[in-house]
Engineer: 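Sharing a structure here in structure tokens format.
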Amino acid sequence: MLTPNLTVSENGTLCIGGADTVQLAKEHGTPLYVMDENMIRENCRGYHEVIAEEYGGNGLICFASKALSCKELYRIVDSEGLGADVISGGELYTALQAGMPAEKIVMHGNSKSDAELKMALETGVGRIVADNLPELKRLNGIAGELGKKARIMLRIKPGIDAHTHDFVKTGCIDSKFGFALETGEALAAVQAAFAYPNLELTGLHCHIGSQILDTEPFAEAARVMLGFMDTVRKTCGITLPELNLGGGPGIRYTEKDDPPAFGSIVRAILSALKSICKDLNFPEPFVLFEPGRSIVGGAGLTLYTVMARKTIPGIRTYVLVDGGMCDNPRYALYGSEYEAMIAGKAGMPRSERVTIGGKCCESGDLIGENMPLQPAEEGDILAVLATGAYNYSMASNYNRNPRAEMVMVKDGEARTVIRRESYEDIVRNDL
Ligand code: LLP
């Protein structure tokens, strides 16, 4: 099985976290996102343990909620001692509504509005990661008006090429995010931040990309960032106390993938950090990490109903389902591969190769092509695996399809954590 939380029951059906997926589809309808709470919690603890063991607990894990933002997720990660990374007023609002303490929230964004910056300051967000000079100026002004000092970090592009999809690479000079090191832009930004009276620069941030399957680019980013903190110390006479190394550890989407365990990535980063601190005689900074995918990705799957099969002789067989790019746009966007199975035939070999087509009015609306699958018939329940990250959070109402329900499974019991949208929800803002 792709992830350890998946099992096959005695009657040959796929189970996640002890819950029978065919039964879940029957009770809740499809498309249905299913998340496994125990696995999410184990992943949170896994991150915590490494920081405790390798770094004396001198850090904070902020769940990157762009991977999956809903109230229950914030409650779960908060109860495991994690904070949250938010990228918009909407994510911030959801986190606060769920009771996530504001000081454990990191606010991101390369185009934050004045309203979002004000919201972050008023609610007492722990750190705002500033992306560009106009933002620094606006933030200083807004903080002044509110009589507050904004705790900020600066987003730096460390110039590391992590080998991942071009769309999710962010650490190189040609990226819309942050300040470049190579050009001197980053040092100028640090100096600008120090000069603003209403900003308190606590440290630096970088995020080199997502779904990264090697350890070395992370360790290299840590070395580069620490080297730059040393440059800041020498040039400006200030020792920055915090370093945020973003997210990015990859997960297993298909049986071909063999990513390093996130624990070994974090260990390698911390060990690189400790050794460079020693070499430079630099005090070990408080570290932040922002993992998203590696906490929730493998903990979720999506259930669909097979509506039809269409065989085009000599070309391919389509298996058509009742969802698609509106609940999982990742194949259409990035060509991301998934494993799928017929939930009620999980014990049988996947003897066919099919294209899974969605219900949207778009030829590119596919979940995948050339996918091994058990013989699929109308009415079967199809499970697409490892959809816990960047599926619900990237879902849309394209073709005015209501967004799907999400259930959280714990020890075999399921509870709804996001209701299925209704047609009433769909027209709510239409005048
Ligand atoms: N921190 C920052 C500043 C980020 O930009 C991201 C992801 C993360 C943390 C979390 O990265 P993770 O641990 O989840 O890899 N929609 C794409 C992924 C975009 C990721 C953007 N930033 C996908 O579906 O693959």
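These values consider heavy atoms only, across backbone and side chains, with no hydrogens, waters or symmetry-generated copies. We count ligands from 1, going down the list as the structure has it; atoms in each ligand are counted the same way. Positions are given from 1 along the sequence.
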Engineer: Should the proximity of Ile87 to ligand 1, defined as any heavy atom under 4.0 Å, be assigned to the side chain, the backbone, both, or neither?
Structural biologist: neither

Engineer: Ala67 near ligand 1, heavy-atom distance under 4.0 Å?
Structural biologist: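 It does not, in that no heavy atom of Ala67 comes within the 4.0 Å cut-off of ligand 1.
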
Engineer: Using a strict 4.0 Å cut-off to heavy atoms of Met394, name the atoms of ligand 1 that fall inside it.
Structural biologist: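 That gives atoms 16 (N), 24 (O) of ligand 1.
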
Engineer: Which ligand 1 atoms, with their elements, are less than 4.0 angstrom from a heavy-atom of Gly292?
Structural biologist: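 Taking each heavy atom of Gly292 in turn, ligand 1 has 12 (P), 13 (O), 14 (O) under 4.0 Å.
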
Engineer: Out of all atoms in ligand 1, which are within 4.0 Å of some heavy atom of Arg155? Include the element for each.
Structural biologist: 3 (C)

Engineer: Under a 4.0 angstrom heavy-atom cut-off, which atoms of ligand 1 come close to His108?
Structural biologist: 3 (C)

Engineer: Ring centres of His207 and His108 under 6.0 Å apart?
Structural biologist: no

Engineer: Between ligand 1 and Tyr334, can you find any atom pair, the residue atom being a heavy atom, that is separated by under 4.0 Å?
Structural biologist: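 Within the 4.0 Å threshold, so yes.
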
Engineer: Report yes if some N/O of Asp85 lies less than 3.5 Å from some N/O of ligand 1; otherwise report no.
Structural biologist: yes

Engineer: Please list, in number order, the atoms of ligand 1 under 4.0 Å from a heavy atom of Ser210.
Structural biologist: 11 (O), 12 (P), 14 (O), 15 (O), 20 (C)

Engineer: Pair Thr202, Arg127 - check side-chain hydrogen bond (donor to acceptor under 3.5 Å, both in side chains), show working.
Structural biologist: CA-CA 8 Å; Thr202 71; Arg127 295 161 186 86; 4.5 Å; no

Engineer: Would you say NZ of Lys66 has more than 12 non-hydrogen atoms from neighbouring residues, nucleotides or ligands within 6.0 angstrom?
Structural biologist: yes

Engineer: Does the distance from a Lys or Arg side-chain N to an Asp or Glu carboxylate O, for Arg353 and Glu369, drop under 4.0 Å?
Structural biologist: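 A salt bridge is absent here (no side-chain N lies under 4.0 Å from a carboxylate O).
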
Engineer: With rounding to the nearest 0.5 angstrom, report the CD1 to CD distance, Ile152 to Glu135.
Structural biologist: 8.0 Å

Engineer: Could you please spell out the steps behind the side-chain hydrogen bond (donor to acceptor under 3.5 Å, both in side chains) verdict for Glu116 and Ser88?
Structural biologist: CA-CA 7 Å; Glu116 285 174 319; Ser88 65; 5.0 Å; no

Engineer: Examine the proximity of ligand 1 to His207 and report which part, side chain or backbone, both or neither, has a heavy atom under 4.0 Å away.
Structural biologist: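 For His207, the contact with ligand 1 is made by the side chain alone.
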
Engineer: If you count heavy atoms of other groups shown closer than 6.0 angstrom to CD of Glu413, is the number above 12?
Structural biologist: no

Engineer: Suppose I only count heavy atoms of Gly248 and a 4.0 Å limit; which atoms of ligand 1 are within that range?
Structural biologist: 11 (O), 12 (P), 13 (O), 15 (O)

Engineer: Is the side chain of Asp78 donor-acceptor paired with the backbone N or O of Tyr74 at a distance under 3.5 Å, no angle test?
Structural biologist: no

Engineer: Flag the pair Tyr331 / Tyr338 as yes when their ring centroid distance falls below 6.0 Å, and as no otherwise.
Structural biologist: no

Engineer: Can you list the atoms of ligand 1 that are under 4.0 Å from a heavy atom of Pro291?
Structural biologist: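 Listed by number with element: 13 (O).
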
Engineer: Ignoring hydrogens, just give me the one of Lys66, Arg330, Gln211, His205 whose non-hydrogen atom is nearest atom 2 (C) of ligand 1.
Structural biologist: Lys66

Engineer: Identify, by atom number and element, the atoms of ligand 1 in contact range of Glu290, meaning under 4.0 Å from any of its heavy atoms.
Structural biologist: 1 (N), 2 (C), 3 (C), 8 (C), 9 (C), 10 (C), 13 (O)

